[in-house]
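The block underneath contains the structure these notes are about, expressed in C-alpha cells.
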Amino acid sequence: MKINVTLPDGNVREYEEGATAMEVARSISEGLARNVLAAKVNDEVRDADRPLPGDCTLSLLTWSDPEGKNTFWHSSAHLLAEALEALYPGIKFGIGPPISNGFYYDVDLGDKVLTDADFAAIEAKMKELALRKSVFQRREVPKQEAVAYYREKGDEYKLELLEGLRDGEITFYTQGDFTDLCRGPHIPNTSFIKAIKVMSLAGAYWRGDEKRKQLTRLYGVTFPKQKELEEHLAMLEEAKKRDHRKLGRELELFTFSEKVGQGLPLWLPKGAALRERLVNFMKTAQEKSGYEQVSTPHIAHKDLYVTSGHYEKYGKDSFQAIKTPHEGEEFFLKPMNCPHHCEIYKSRPRSYKELPIRLAEFGTVYRYEQSGELHGLTRVRGFTQDDAHLFCRPDQVKDEFKKVIDLVLKVLKALDLNDFTAQVSLRDKDDHSKYIGSEENWAKAESDIQEAVGETDMKYVVEYGEAAFYGPKLDFMVNDALGRQWQLGTIQVDYNLPERFELEFVGSDNQKHRPVMIHRAPFGSLERFLAVVIEHTAGRFPLWLAPEQAIVLPISDKFVENARDMVRILKDSDIRASVDERNEKIGRKIRDAELAKSPFMLIIGEKEAAEGTLSIREHGQGDLGTMAPDRFATMVNERIEAQLSGDR
RNA sequence: GCCUUUGUAGCUCAGAGGUAGAGCACUUCCUUGGUAAGGAAGAGGUCACGGGUUCAAUUCCCGUCAAAGGCUCCA
C-alpha cells in the first residue's frame, strides 16, 4: 500500500504505508532531516518518528516554526526534569510546559531549597544528559497502569493530573531514565538541545491556586546552537538597557520614595513635561472629536460605589475608607472615574437629541495592588487614566466605536507604535447567562464592534469568552521594539452601570430609554503608556514629545550670552531649548547631550555668533551644518507636524 | 500576600568579624578649548531600619521596610 503525502508547497509525494515524517524529510534532503523537530500532520503536531496515519498533508517543523520551537522547549522541560530527578532523587513533578521564551518545570523538592547557586550544576547535568542522545519514547498506556506508576512513585501531582484524563488517551514519554505523563509531541532525541541556560527560580502555586502548595518553578531556555543562546542573552541585556525604570532615573523622568510609599511615582520636571505633552495631545484630539472635559474629586462617598457595585466586588481589595470625624461617613479614594461621570450625566434630564454625550477626564485613580505585583510604572497604586465615557443610544454604538478606534490609531501612530494587534472580546459562545444586559443589545453591540473593526485595515483577533460581564470590548495590544506585548488602550461597552445608576434619556417617542455607556482610554494609563514609550524608543522620544528639543552649546563662556539670545528666539517659535552654561570643552558638552538624548545640539562659537547662525547637530546623526535659528525652528516644527499627522 | 534573591556615597559597584573603598556625578580653583570624557584639589556614608550572638557587627542570626524575578489578582 502506498500513501499520498501533500507537502506545504502543494507537491504530492508517494510513500510506503507506515512511513514516518522523518523518512519523508530524509527523502527530501539529509540537511532537512537533521533539522526536523516535529511534524504537523493534518494540522496536528506529532512526533516526527511516528508513522503517518495514511494520506495526509504534512509540514515538517523546524526551529523556525513556532510549533517547532514549542516542541523543542517542551522536550527541554523534560530534560530539565530528568536532570533534577538525577540530582535530587525522590522529588515530585507538577507541570513543565513551553512558554514564549523557553520553558519551565514546577517541582516539589520536599525540604530541599534551591537557590541560583545550584543552576550551574543543573545546567551541567542537562548538558551531560543531552549528549546521551536519548530518544523520547512514546508509549500509550491504560489509565490504570499510569495511576499505578505514579502511586508507586508517590507523585500526587501527576495523580491529580491523571484524574482529569480519560482512559485511552494517556501517553507516557520516556527519555533516558525519566518517564513523564505527557501528551507530546517531542523532538527526535535530546542531542538537538545544544545550548542550555537555567534562567530563574520562582515559587508557583500548584494549579495557580494560592491556597494550595507552592512548588518551585525553574525557568530555562535552550537553543539548537550556542550562538542563538548568546543572541538571546544579548537581547535580554538590550531589554535591560531600555528598562523604563533605569531610563527613568537616568533621564530624570520620575522617581519613587519610600517615604511617599511604594507604587506611588513622583514625576520629576522632565517626566512631568512628557505627561503634559501627552495630555495636551489627547485633549486637542478629543476636543476635535466632540468630547467635553469634566473634572471630579479624588474621593467619593461609599454609597457611590455601593450603587456602582464596585464596593461589593472590590471593597476589600481597595484602600481603607476615610471616615469623617463627627458623622462617621465613609469615603473612598476613587478607583475609577465612571461612577462620577454617571452622576454628571444624571445631573439633569437628557434628550436623545444631545446624545452621544462624551465626558472626558484625565482622572487620577488609586487602587490597592498587592505589594509583590508593583512594578515600575507599569503597575502602580496611583495613576492617571485618559478616561472618557460616551453615553449614547444603542444605534450610535457602532459609530462611536469607530471614532474611538480612529482616535486610538492616531495616538499609536504619533508615538510610532506601529506594531500592534487588536483583540475583540466577546461573550462565551455557549453560555450567555453570566452576562448582564439584554440579548438584543449584546448581539447588536458585538456585531457593531466587529463591523467597526472590520472597516479599518488593522489586524485583529476575536476571543470568545473574554468579554467583561458588563459588555464586549476591544483591547489594543502593542508590541514594542523588543517584541514584548503590552495591553494599552481599551474600549469597552457597558450595560451594567447605566442600569445600576438608572441612567435615562427621553427618546423621540417621549418615552424614557436607557443609554449605552462606552468606556475608553486610548493610553490606558499615562504611567504605563509612558513606560512603554520609554522602552520602545529607548528614551529617544519623538520630537514633539521630547522634554527638551534642543540644547545650545556655546564653544566657550564668551558665547553664553549669544546662546541665551538664541534660546529666546527658539522659545518664540515654541521650541523647548536651554543652554549648557558649564565651563566645559565642546566635546564634553556634546557627549553629555548625546547621552541625555537631546534631539538637537546647537553649537555657537565665534563664526556663528558673527553670522547669527547655529551649527546644528542631531542626536545619533552628527553635524548637519549651520542654519539661522528661525530656519531651524521651521524645520523642527515641520517635523513635529509630520509626526503628529502620522505623515512620514 | 506567597517563593527566591538583593539592600554599602546622588548613580554603578568593590570590600571585610576589629567601626569603609573605586569610577562617574557634585563643589572650588586652573584652563577659554570647534563636534562623544581638559587638569588639580575638596566635600560626601548611622554600610536600609530594629533586635540578637560576640570583647567587638556594617559583615553572622532573626524580624521589619524597600527593590528585583516569578506566582496569585487586576474595576
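Naming convention: chains lettered A, B, ... in sequence-line order (proteins, then strands); numbering from 1 in each chain. Bear in mind that the values here come from a model prediction, so they are computed numbers and not experimental data.
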If we count only N and O atoms by modelled type, under 3.5 Å, do the side chains of [X] and [Y] hold a donor and an acceptor together?
X: N441(A); Y: Y495(A); result: no
X: Y470(A); Y: Q492(A); result: yes
X: T613(A); Y: T626(A); result: no

[X] has an atom [atom1]; how far is it from atom [atom2] of [N], in whole Å?
X: F119(A); N: G70(B); atom1: CZ; atom2: P; value: 13 Å
X: Q262(A); N: C65(B); atom1: CD; atom2: C1'; value: 9 Å
X: I95(A); N: G70(B); atom1: CD1; atom2: C1'; value: 14 Å
X: R249(A); N: C11(B); atom1: CZ; atom2: P; value: 7 Å
X: L497(A); N: A75(B); atom1: CG; atom2: C1'; value: 9 Å
X: F254(A); N: A67(B); atom1: CZ; atom2: C1'; value: 14 Å
X: F256(A); N: G7(B); atom1: CZ; atom2: P; value: 21 Å
X: L201(A); N: U4(B); atom1: CG; atom2: P; value: 8 Å

* **Any donor-acceptor N/O pair under 3.5 Å between G70(B) base and Y205(A) side chain** => no

Expressed as a whole number of Å, how far does the [atom1] atom of [N] sit from that of [M]?
N: A48(B); M: A57(B); atom1: P; answer: 15 Å
N: G50(B); M: U59(B); atom1: P; answer: 12 Å
N: C65(B); M: A25(B); atom1: P; answer: 38 Å
N: A68(B); M: C11(B); atom1: P; answer: 15 Å
N: G44(B); M: G63(B); atom1: P; answer: 36 Å
N: G23(B); M: A14(B); atom1: P; answer: 16 Å
N: U64(B); M: U4(B); atom1: P; answer: 13 Å
N: C60(B); M: G18(B); atom1: C1'; answer: 15 Å

* **Per-nucleotide protein contact string for nucleotides 28-38 of chain B (B base, S sugar-phosphate only, - none; heavy atom under 4.0 Å)** => --BBBBBBBBB

* **Parallel, tilted or perpendicular: ring planes of H232(A) versus F223(A), cut at 30 and 60 degrees** =>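 The rings of H232(A) and F223(A) sit tilted, inter-plane angle from 30° to 60°.
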
* Any residue meeting salt bridge (Lys or Arg N to Asp or Glu O under 4.0 Å) with D106(A), in chain and number order, not counting sequence neighbours ->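 Counting only residues at least two positions away or on another chain, D106(A) forms a salt bridge (Lys or Arg N to Asp or Glu O under 4.0 Å) with R217(A).
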
* **Dot-bracket encoding of pairs in RNA chain B, which uses [ ] for pseudoknotted crossings and | for another strand, Watson-Crick or G-U under 3.5 angstrom** => (((((((..((((....[..)))).(((((.......))))).....(((((..]....))))))))))))....

* Just by distance, do the side chain of D386(A) and the backbone of L526(A) share a donor-acceptor pair under 3.5 Å? ->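 Pair absent, no side-chain N/O of D386(A) close to backbone of L526(A).
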
* Asked: Is a side-chain N or O of E330(A) found less than 3.5 angstrom from the main chain of K302(A), in a donor-acceptor match?
  ->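 A pair under 3.5 Å: no.
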
* To do: State which residue, out of I299(A), T296(A), T364(A), fulfils the side-chain contact (heavy atoms from CB on, under 4.5 Å) condition with K334(A).
  => T296(A)

What is the nucleic acid contact for [X], judged by heavy atoms within less than 4.0 Å: base, sugar-phosphate only, or nothing?
X: Y219(A); answer: sugar-phosphate
X: Q214(A); answer: base
X: A202(A); answer: base

* Would you find more than 12 non-hydrogen atoms of other residues, nucleotides or ligands less than 6.0 Å from E606(A) atom CD? ->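 No, the 6.0 Å shell around CD holds no more than 12 heavy atoms from other groups.
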
* **side-chain hydrogen bond (donor to acceptor under 3.5 Å, both in side chains) between E160(A) and W206(A), worked out** => CA-CA 11 Å; E160(A) 190 179 323; W206(A) 172 234; 3.1 Å; yes

* Let me know, please, whether Y470(A) or R245(A) comes out on the 5' side of the other along RNA chain B by nearest nucleotide. => R245(A)

* To do: Starting from the C-alpha separation in whole Å, work towards a yes-or-no answer on salt bridge (Lys or Arg N to Asp or Glu O under 4.0 Å) for D592(A) and R582(A).
  => CA-CA 11 Å; D592(A) 289 346; R582(A) 292 176 307 163; 2.9 Å; yes

